[in-house]
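Written below as structure tokens is the structure these notes are about.
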Number of protein chains: 2
Amino acid sequence: MAGSRKTWRRDEIVAAAAHCFMQQGYHATRIDDVAAHLGCTKGRIYHYWPTKTDLFFDVHRAGMARLFAAVDPLPDGPNGAAQLAGLLHAHARAMLDHHTYETVVAQGVQVHRFDRLSDVQQQVMSDLIASRDRFETLFLQALMRGMADGSLACENPSITVKVLLGGLQWSIIWYRPQQGETEQDRADLAAQMVHPLLHGVKKHD
Amino acid sequence: MAGSRKTWRRDEIVAAAAHCFMQQGYHATRIDDVAAHLGCTKGRIYHYWPTKTDLFFDVHRAGMARLFAAVDPLPDGPNGAAQLAGLLHAHARAMLDHHTYETVVAQGVQVHRFDRLSDVQQQVMSDLIASRDRFETLFLQALMRGMADGSLACENPSITVKVLLGGLQWSIIWYRPQQGETEQDRADLAAQMVHPLLHGVKKHD
DNA sequence: GTCTATATACTGATAGAC
DNA sequence: GTCTATCAGTATATAGAC
């Protein structure tokens with residue numbers, strides 16, 4: 001059950017790990033750093049995860065879950081352009097709202113490309129890669145739909161999707177949550193980020 | 001002098017370090033990895049650089065130099081739109097051509113935010129940050145010029161520039177140089193990357 | 001379930017031979 | 001200028017007390 005004590009403990013640790021991985025990156029973060037951030041020692045962390053790698057994968061998974069949670073409830077909309085607009089706005093908001101987790105997602109599975117992973121870890125890594133692809137496909141489908149219904153236009157849909165998502169996801173580099181930032185501030189920023197991207201694929205006669 | 005034996009040795013090491021940092025990231029790369037990639041031992045590397053951090057900074061510097069080299073020779077062009085188009089195309093090409101170095105630039109100075117740095121290292125870091133800002137300003141100026149001369153339009157120039165550059169720079173995540181890739185292939189890819197971004201800020205009546 | 005203490009392994013950097 | 005050998009510091013992970 002989602003609200004169990006054990007789940008709560010795990011989530012608390014995942015959040016602390018996300019913070020540390022965001023600030024310092026995976027390799028520079030020591031398990032002791034995560035523990036210190038929680039005000040405990042690493043004994044607690046090793047009680048819930050066997051290795052640092054497994055903890056990272058769970059933070060990554062939590063980040064992906066937040067990305068999907070932002071776009072899954074969206075309606076399809078009247079045409080491809082409207083659908084893509086909804087997706088991009090929701091994704092921009094998610095990148096800002098969950099900046100900590102998404103910075104970890106951006107470090108991605110790349111960090112473990114050269115690690116020796118167990119079979120189980122390898123499977124987890126494959127699942128994470130698959131979920132990233134699935135996420136990108138949501139945007140690709142909206143773009144293709146828009147090209148079919150005449151509301152959108154572009155030369156190379158699969159490259160274009162990567163560029164559009166990149167424009168939003170690069171915010172992990174320059175954006176930092178601000179003290180006293182309101183919901184409205186973030187909504188405005190998200191809109192300003194999406195505008196040039198959406199305008200770039202809209203069909204103009 | 002640029003072609004001296006010592007300079008050549010340094011460049012060779014910087015290239016090997018760039019390759020390793022690109023593949024594994026800064027922290028996961030051991031000095032022994034860089035040496036192995038050169039077919040020597042770390043004695044050679046420590047003869048030219050006092051620390052791994054200083055080596056990283058030189059790779060970063062080399063990456064920034066390539067970015068500027070791609071856009072510095074460009075003419076201003078007849079208007080802001082033409083100027084920005086030239087900048088974006090050149091930058092897209094540079095991101096693909098120098099993928100290895102630019103992947104290191106993207107890791108940026110962030111990697112050393114929590115390191116204890118010497119005064120000299122701190123200064124080098126400041127210079128690198130300043131050069132990144134200067135680079136972004138080139139694009140911002142073209143955009144503002146275009147808004148003034150009526151060839152470009154956008155809501156928030158400084159956010160828009162970050163989004164446009166992000167769209168191109170995110171290619172370090174998904175692009176991998178392909179075996180047998182021609183100049184034309186890369187030029188085409190660059191054009192496909194730039195198209196939606198440029199279209200997004202062009203003024204349509 | 002969490003802590004302390006520690007084993008074990010790794011890696012940045014140095015010293016000194018050649 | 002490059003190599004070999006090694007030190008010293010650090011970090012993951014474990015064992016066992018509480």
Side-chain angles (χ1 to χ4, degrees), chain A residues 1 3-17 19-21 23-59 104 107 111-118 120-121 124, chain B residues 1 3-21 23-60 104 107 111-118 120-121 124:
Chain A
M1 39 204 76
S4 75
R5 179 176 176 78
K6 181 165 180 178
T7 302
W8 185 79
R9 263 286 191 251
R10 289 180 69 96
D11 289 349
E12 185 187 48
I13 296 170
V14 166
H19 178 85
C20 294
F21 291 153
Q23 271 202 149
Q24 320 199 36
Y26 173 79
H27 283 105
T29 298
R30 295 157 301 181
I31 292 285
D32 282 322
D33 292 334
V34 180
H37 195 256
L38 285 165
C40 68
T41 69
K42 60 184 150 201
R44 187 190 290 178
I45 296 169
Y46 280 109
H47 177 68
Y48 292 93
W49 284 271
T51 71
K52 184 180 161 185
T53 301
D54 291 292
L55 175 57
F56 177 87
F57 281 154
D58 268 2
V59 177
V104 178
Q107 296 174 46
V111 197
H112 297 100
R113 219 176 0 157
F114 293 87
D115 293 4
R116 265 173 261 314
L117 300 180
S118 70
V120 178
Q121 288 174 331
V124 170
Chain B
M1 40 202 78
S4 74
R5 180 178 176 73
K6 180 165 178 179
T7 303
W8 185 81
R9 263 286 190 248
R10 289 181 67 97
D11 289 348
E12 186 186 46
I13 296 170
V14 166
H19 177 85
C20 295
F21 291 155
Q23 272 203 145
Q24 321 199 35
Y26 172 79
H27 282 106
T29 298
R30 296 157 300 180
I31 291 286
D32 283 322
D33 292 334
V34 180
H37 195 256
L38 285 165
C40 68
T41 67
K42 60 184 153 198
R44 187 191 288 177
I45 295 169
Y46 279 109
H47 177 69
Y48 292 94
W49 285 271
T51 71
K52 185 179 161 186
T53 302
D54 291 291
L55 175 57
F56 177 88
F57 282 154
D58 269 1
V59 177
H60 191 302
V104 179
Q107 296 176 46
V111 198
H112 296 100
R113 218 175 2 154
F114 292 87
D115 293 4
R116 264 172 263 312
L117 299 178
S118 70
V120 178
Q121 287 174 330
V124 171

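Letters A, B, ... mirror the listed sequences (proteins, then strands); counts begin at 1. These figures come from a predicted structure and were not determined experimentally.
A heavy atom closer than 4.0 Å to some atom of DNA chain D occurs in B/Cys40, B/Thr41, B/Gly43, B/Arg44, B/His47, B/Tyr48, these being the qualifying members of residues 38-51 of chain B. Within residues 24-35 of chain B, no residue has a heavy atom under 4.0 Å from DNA chain D.
With contacts defined as side-chain heavy-atom distances shorter than 4.5 Å, the pair B/Arg9/B/Lys6 does not qualify. No side-chain heavy atom of B/Thr29 sits under 4.5 Å from any side-chain heavy atom of B/Gln23. With contacts defined as side-chain heavy-atom distances shorter than 4.5 Å, the pair A/Thr53/A/Tyr26 qualifies. For the pair A/Asp33 and A/Arg30, the minimum side-chain heavy-atom distance is below 4.5 Å.
Distances shown here put every side-chain N or O of B/Arg5 at or beyond 4.0 Å from the OP1 or OP2 atom of D/dG1.
Side-chain atoms of A/Gln107 come within 3.5 Å of backbone N or O of A/Phe21 as a donor-acceptor pair.
To the nearest 0.5 angstrom, A/Phe56 atom CZ is 13.0 Å from A/Cys20 atom SG.
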Set out, line by line, the N/O atom pairs under 3.5 Å between protein and nucleotides 16-18 of chain C.
none

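When the P atom of D/dT10 is taken as reference, atom NZ of B/Lys52 falls 15 Å away, rounded to whole Å. Rounded to an integer number of Å, the gap from B/Arg116 CZ to D/dG9 P is 14 Å. Rounding to whole angstrom units, CZ of residue B/Phe56 and C1' of C/dA13 are separated by 19 Å. Put simply, CZ on B/Arg10 is 14 Å from C1' on D/dG1, counting in whole angstrom units.
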* Asked: Going through the distances and angles, do A/Leu55 and A/Lys52 end up as a side chain to side chain contact (heavy atoms under 4.5 Å, CB included)?
  -> CA-CA 5 Å; A/Leu55 175 57; A/Lys52 184 180 161 185; 5.6 Å; no
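The side-chain contact (heavy atoms from CB on, under 4.5 Å) search around B/Ala16 returns B/Val34, B/His37, B/Leu38, not counting sequence neighbours. Residues forming a side-chain contact (heavy atoms from CB on, under 4.5 Å) with A/Ala28 (at least two apart in sequence, or on another chain): A/Gln24, B/His27.
Applying the side chain to side chain contact (heavy atoms under 4.5 Å, CB included) test between B/Val104 and each of B/Val111, B/Val59, B/Val14 identifies B/Val59 as the sole match.
Judged as a side-chain hydrogen bond (donor to acceptor under 3.5 Å, both in side chains), the pairs with a partner in residues 38-50 of chain A (not counting sequence neighbours) are, in order, A/Asp32-A/Lys42, A/Trp49-A/Asp58.
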